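Here the structure comes first, spelled out in structure tokens, and everything after it is commentary.
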Number of protein chains: 2
Amino acid sequence: MLSICEAVGMPPSTGLRARMRAELTGEIKDEARRQLAAEGAPGLSLRAVTRSLGMASSAIYRYFPSRDDLLTALIVDAYDAIGAAAEEADASCSPGDYGGRWRAVGLAIRAWAVAHPHEYALVYGSPVPGYRAPEDTVGPASRVTFVLARMVDEASRDGALLESAEGLGLPALDVAVLDESRRLADLAFPHASDEVVVRAVIAWTQLFGMISFELFGHFHSVIEFVEPVFERSLLETGRMVGFPPPRRGPQEGGGADGGAGRGTGGGPGGADGSDGRTEADDERFYLI
Amino acid sequence: MLSICEAVGMPPSTGLRARMRAELTGEIKDEARRQLAAEGAPGLSLRAVTRSLGMASSAIYRYFPSRDDLLTALIVDAYDAIGAAAEEADASCSPGDYGGRWRAVGLAIRAWAVAHPHEYALVYGSPVPGYRAPEDTVGPASRVTFVLARMVDEASRDGALLESAEGLGLPALDVAVLDESRRLADLAFPHASDEVVVRAVIAWTQLFGMISFELFGHFHSVIEFVEPVFERSLLETGRMVGFPPPRRGPQEGGGADGGAGRGTGGGPGGADGSDGRTEADDERFYLI
DNA sequence: CATCAACAAGAGCAGTGATCACACAAAGGA
DNA sequence: TCCTTTGTGTGATCACTGCTCTTGTTGATG
């Protein structure tokens, strides 16, 4: 019964038919992404997508067996885009400038999130119940994480981390925490100490926690212009991890949008330092 | 046309009819909460709720004008429950033990979130597009936030904050950051310094960022037992804010579930220190 | 008692995800 | 070249959703 190119395994890829298929698949994803940006994930309708593409409603199931599969594809793309933005920002820095790299990558991730709020929400917001994340997502998902982890590990390896606050009144790590940090060290931090691994996790969760709070509206009537506060928090968490402060240089924005595929989200208010979000964005993707 | 008790303003409240109304409203919310816990927010169906309650599908609109209104009610309840859990945990501590209070409140918030993952996601996950948060939510929403802010401010007022890491290589606050921290200080931190306000925001976002990462599956294959790491992060962020370390005492759990209404989410694995989440929970509310 | 508002019920509308049988065209071996 | 296989587009159809409208009933209040 099921075949569809050996169950979505794609045929030899060459051939007129395969080209059409790849193209249409891309068009479907593009249109879906457009609707995602306009209405959010719950408002993404397969029928609306096919309607926009001028095809029968049942035709889309030849390309995506279910709505969840379409969402999965969008999730994978979003993860990849965030990862690419982070990697590009990291690469644009002097490798030894760990503080600058942390700052640049953090700013790039936030810039991408602000430019693509619904895709960010799709990935870092509440998971869709009943939808079990397939293995396809874990690879792209770890891309950003790995950029951050590598940064910490390289700094550890080079002895560039300031062991500033260590032993400043805090007790030694609990044995249960040690278990986790050891396992994590084997996974991505071969050179970092246990304390540094734990602090990296803290900085990591703070980074995304702050972005989520901003995009999900929890700063409503708390913080008006998030960017400067966000940048300050990068400084503070960077120091907590032990990074030396960013070197002064021609940074300013640290890779900005990252340029991962789609643009910065529209001209108005783009890089004037205000916030990146337009009024219209606020109108639709708002605050809880 | 529209009346429904002066547009859901409720009548004199007494009277047999009003009692029935209040009771049915509660039953609807309970059943909705049950479905929310089982299927998540997108799976919450008004028709299914009425079906479970043995009433006509159209009857529910007498109580909640739309699906969004039902969700709003659940959101308000969730905010209140989190706020109550945090307040209770805070109250159970010695007022001068700021480190202990920070720890207890953080643990209580996480315990509530782990026990009610879907309600947490409803409130701290991606907002529902097209749904504009009504003013009803901002009051309950600020309840938890205020518990945390008050803690920081009282510690500042009492001079209990260790100015440990201040000036440790970080430049002075940017003027844009100062604007925000000043506005925030007027709002909730009358006694705290600008640096402390900013660090409180960082600790706040880290707290919820870590909980969200845990519940939304971003620790999958990264951290197995989150609780000890979470507790360590409370220690670390507490020190960043300047809290003195928690006093040793009969704490252990720091208010635990908070007891805000519904129970801890089921017996198995409740308080054995493992994690609080059952296998069944993981099966349905999972990882992205 | 009479009146009016709140209520419950059912039919119905437009929309959704998903499945099916059917017709057609490309691909590839005989 | 024919002919089979396979992927593709179509329309009908199902079960379901949120929501509205109309109809009839019942409680509260003058």
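Computed from a prediction, not measured in an experiment: that's the story for all the values here. Within every chain, numbering begins at 1; the chains are lettered A, B, ... in the order of the sequence lines, protein sequences first and strands thereafter.
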(request) Could you check how far CG of A:Leu53 sits from P of D:dT10, rounded to whole Å? (result) 11 Å

(request) Examine the side chains of A:Ser66 and A:Asp69 and answer whether a donor and an acceptor come within less than 3.5 Å of each other. (result) yes

(request) Could you check how far CD1 of A:Ile28 sits from P of D:dT8, rounded to whole Å? (result) 10 Å

(request) Can you see which heavy atom on A:Leu148 is nearest to which on A:Phe208, and at what distance? (result) CD1-CE1, 4.3 Å

(message) Applying side-chain contact (heavy atoms from CB on, under 4.5 Å), can you list everything that pairs with B:Ser221, at least two apart in sequence or on another chain?
(response) none

(request) Calculate, to the nearest 0.5 Å, the distance between atoms CZ and OG1 belonging to B:Arg143 and B:Thr145 respectively. (result) 11.5 Å

(message) How long is the straight-line distance from CD1 of B:Ile211 back to CZ of B:Phe216, given to the nearest 0.5 Å?
(response) 10.0 Å

(message) What is the separation between atom CZ on A:Phe64 and atom C1' on D:dT8, rounded to the nearest whole Å?
(response) 15 Å

(request) Report yes or no: do B:Ser212 and B:Tyr120 form a side-chain donor-acceptor pair below 3.5 Å? (result) yes

(request) List the atom of A:Leu122, the atom of A:Ala41, and the distance in Å for their closest heavy-atom pair. (result) CD1-CB, 3.7 Å

(message) Once ring pair (Phe, Tyr, Trp, His ring centres under 6.0 Å) is applied, do any residues pair with A:Phe219, and if so which ones, sequence neighbours excluded?
(response) A:Phe213, B:Trp204

(request) Give the angle between the helix axes at the two ends of the helix from C:dC1-D:dG30 to C:dA30-D:dT1, taking five base pairs at each end and rounding to 10°. (result) 0°

(request) Please report, rounded to the nearest Å, how far the C1' atom of D:dT8 is from the CD1 atom of A:Ile60. (result) 14 Å

(request) Rounded to the nearest 0.5 Å, what's the gap from CG on B:Asp136 to OG1 on B:Thr72? Could you check? (result) 7.0 Å

Tabulated below should be each protein N or O lying under 3.5 Å from an N or O of nucleotides 2-5 of chain D; please produce it.
none

(request) Output all residues satisfying salt bridge (charged side-chain N to carboxylate O under 4.0 Å, His left out) with A:Arg51, sequence neighbours left out; order by chain, then residue number. (result) none

(message) Does the protein touch nucleotides 8-18 of chain C at the base, only the backbone, or not at all? Give it as B, S and - per nucleotide, heavy atoms under 4.0 Å.
(response) BBB-B---BBB

(request) Respond yes when some side-chain nitrogen or oxygen of A:Arg17 is under 4.0 Å from OP1 or OP2 of C:dA25, and no when none is. (result) no

(message) Strictly distance-based, threshold 3.5 Å: is any side-chain N or O of B:Ser126 a donor or acceptor partner for the main-chain N or O of A:Ser126?
(response) yes

